[in-house]
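Okay, so here's the structure we're looking at.
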Amino acid sequence: MANDIKKVVLAYSGGLDTSVILKWIALTYNCEVITLTADLGQEEDLDGVDEKALATGATRAYVEDLREEFARDFIFPMMRANAIYEGRYLLGTSIARPLITKRLIEIAHEEGAQAVAHGATGKGNDQVRFELSAMALDPSIKVIAPWREWNFRSRTDLNNFAEQHGIPLPVAASRKLYSMDRNMLHCSFEGGELENPWLEPGPGSYIMAVPVEQAPDEPEYIELEFINGDPVALNGEKLSPAEMVKALNTVGGKHGIGRLDMVENRFVGMKSRGVYETPGGTILHVAHRDLEGICLDRDTMHLRDSMLPKYAECIYNGFWFAPEREAMQKLIDETQKNVSGTVRIKLYKGNVVPVGRKSPYSLYREDLATFEEDDVYDQADAAGFIKLQGLRLLGYKK
């Protein structure tokens, strides 16, 4: 192993995998291990996680509240772009990785560490996201990926290592139905019966949103106010970015909103089936898109939309800090300068239905759109417009 690695900063959850990784790195590399546990709104009790890290061999343990930064600097820019991967996935796991990596690199600089480490497996997308982000932020910092290095091949191997080294085993670890990832934007589920794409997700895959059968039988109306493409108030109450996401999760989850069951294409080359819950993010996406309908010029909207598949791929594939994503963000943010106003939404049985929208920058003109008599639009002018548009089609097909 590399002799030049004296100190490593590890992304640490306190669970079995990262606890084993902590001890394994310390023993294998004969180095100090510093841990970072990031609070991204995963609704877990993080009390004592620093003590556990220190007891397992860490020389220092950071536990940091990154919720506001996550919502403000990562979720909201992505929402301004209306980013969706493969037309369905709202990128809840993907968007969290660059923030965690950013903080890992910052702590590495502060602590004089030569490497950072993560617990992502060699089959998934997260390893790519962590490592590409680290390369973009500081290519001199090495990345340790134990799942690609060690000889452990099963959960039993990890349990045995933990027992040998006195690492407390989580009581529920052996009973977990799914591989899960949760933050304030979403909760994802993989494994279990979900590995068979024909089987319906079981009841254990409902955490943030109720089944639609259990949602209220009466619709609920909410009003969401935006400024420059970002949500700022819910039902007239001003909220911070993190508060906004949390509040929308609560109201959306109650109505069974934001459930997604899909087979997606991983960046590493395989297909995987996952279930995602994104109640607040789904409301934000639908409302923002609806407000743009009255605030954005047609060609501006279409130009921005043409970039969305590439923008979403940048996030999914781990290129948040890449120059192309940052360049697209600048253009997208320029389009959002007049996306301010209020959207009225009906929430009912898993559905998010915009029913009203208004904006001081509205481009909608009732006097132009009306089916009643008007003095501003001469319908006869349309004949010449159509004729000119069709010139290139003349003689196209014989």
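Note that the numbering runs from 1 along the sequence shown for the chain. As the structure is a computational prediction, the values presented were derived from the model and not from experiment.
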Can you tell if the side chain of [X] reaches within under 4.5 Å of the side chain of [Y], non-hydrogen atoms only?
X: Glu163; Y: Asn160; answer: yes
X: Thr300; Y: Leu303; answer: no
X: Val116; Y: Leu10; answer: no
X: Tyr348; Y: Glu218; answer: no
X: Glu190; Y: Arg273; answer: no
X: Val210; Y: His255; answer: no
X: Met78; Y: Ile315; answer: yes
X: Lys102; Y: Glu69; answer: yes

Please check this pair: side chain of [X] against backbone of [Y], looking for a donor-acceptor N/O pair closer than 3.5 Å.
X: Asp138; Y: Ser140; result: yes
X: Arg325; Y: Glu313; result: no
X: Ser154; Y: Asp157; result: yes
X: Glu264; Y: Lys271; result: no
X: Lys6; Y: Ala113; result: no
X: Thr28; Y: Ile25; result: no
X: Gln42; Y: Asp39; result: no
X: Asn183; Y: Gly41; result: no
X: Gln127; Y: Gly122; result: yes
X: Glu277; Y: Met208; result: yes

Test log, rule side-chain hydrogen bond (donor to acceptor under 3.5 Å, both in side chains), inputs Asn228 and Lys337 = CA-CA 5 Å; Asn228 300 335; Lys337 288 184 175 179; over 6 Å; no
Stepwise side-chain hydrogen bond (donor to acceptor under 3.5 Å, both in side chains) check, Asp4 with Gln114 = CA-CA 8 Å; Asp4 57 338; Gln114 297 78 38; over 6 Å; no
task = Could you please spell out the steps behind the salt bridge (charged side-chain N to carboxylate O under 4.0 Å, His left out) verdict for Asp47 and Lys52?
result = CA-CA 10 Å; Asp47 287 344; Lys52 181 176 181 181; over 6 Å; no
request  = Scan residues 69-108 for pairs that pass ring pair (Phe, Tyr, Trp, His ring centres under 6.0 Å), counting only residues two or more places apart or in two chains.
outcome  =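 Sorted result for residues 69-108: Phe74-Trp320, Tyr85-Tyr316, Tyr89-Tyr276.
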key: Contacts of type ring-ring contact (aromatic ring centres under 6.0 Å, His included), residue His109, not counting sequence neighbours   = none
Considering all heavy atoms of both residues, which atom of [X] and which atom of [Y] are nearest to each other, and what is their separation?
X: Ala145; Y: Glu131; result: CB-OE2, 3.8 Å
X: Leu284; Y: Met79; result: CB-SD, 4.2 Å
X: Ala287; Y: Leu224; result: CB-CD2, 3.8 Å
X: Gly14; Y: Val49; result: CA-CG2, 3.9 Å
X: Pro77; Y: Tyr311; result: O-OH, 3.5 Å

Any donor-acceptor N or O pair under 3.5 Å, side chains [X], [Y]:
X: Thr37; Y: Glu64; answer: no
X: Ser94; Y: Arg129; answer: yes
X: Asp181; Y: Thr93; answer: yes

query = Under 4.0 Å between a Lys/Arg side-chain N and an Asp/Glu carboxylate O for Glu243 and Lys246?
reply = no
Cationic N near anionic O, under 4.0 Å, Glu292 to Arg304 = yes
request  = Tell me whether the guanidinium CZ or amine NZ of Arg182 lies under 6.0 angstrom from the six-membered ring centre of Phe189 and within 45° of its axis.
outcome  = no
key: Partner of Val9 by side-chain contact (heavy atoms from CB on, under 4.5 Å), out of Ile107, Ile141, Ile144   =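 When side-chain contact (heavy atoms from CB on, under 4.5 Å) is applied between Val9 and each of Ile107, Ile141, Ile144, only Ile107 qualifies.
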message = Please evaluate residues Thr56 and Ser19 with respect to the criterion side-chain hydrogen bond (donor to acceptor under 3.5 Å, both in side chains), reporting the C-alpha separation (whole Å), side-chain torsions for both, the decisive distance (0.1 Å), and the verdict.
response = CA-CA 7 Å; Thr56 308; Ser19 294; 4.9 Å; no
request  = Before giving the answer on side-chain hydrogen bond (donor to acceptor under 3.5 Å, both in side chains), spell out for Asp333 and Gln329 the whole-Å C-alpha distance, their side-chain angles and the decisive distance to 0.1 Å.
outcome  = CA-CA 6 Å; Asp333 290 348; Gln329 191 72 58; 3.0 Å; yes
ask   = So Asp230 and Arg72, salt bridge (charged side-chain N to carboxylate O under 4.0 Å, His left out) or not? Walk me through it.
value = CA-CA 9 Å; Asp230 289 335; Arg72 181 189 65 244; over 6 Å; no
task = Measure the spacing between NE2 of His186 and OG1 of Thr278 and express it to the nearest 0.5 Å.
result = 6.5 Å
request  = In sequence, state the C-alpha distance, the side-chain angles, and the governing distance for Ile283 and Ile222, and then conclude on side chain to side chain contact (heavy atoms under 4.5 Å, CB included).
outcome  = CA-CA 10 Å; Ile283 296 172; Ile222 64 172; 4.1 Å; yes
query = Do Leu137 and Ile34 share a hydrophobic cluster, counting only Ile, Leu, Val, Met, Phe, Trp and Tyr and linking them when any side-chain heavy atoms are less than 4.5 Å apart?
reply = yes
key: hydrophobic_cluster_shared for Trp150 and Val33, side chain cutoff 4.5 Å   = yes
request  = Run the numbers on Ser240 and Met244 for side chain to side chain contact (heavy atoms under 4.5 Å, CB included), then give the verdict.
outcome  = CA-CA 6 Å; Ser240 74; Met244 176 65 72; over 6 Å; no
ask   = Once the angle between the rings of Phe130 and His118 is folded into 0 to 90°, is it parallel (under 30°), tilted (30 to 60°) or perpendicular (over 60°)?
value = parallel
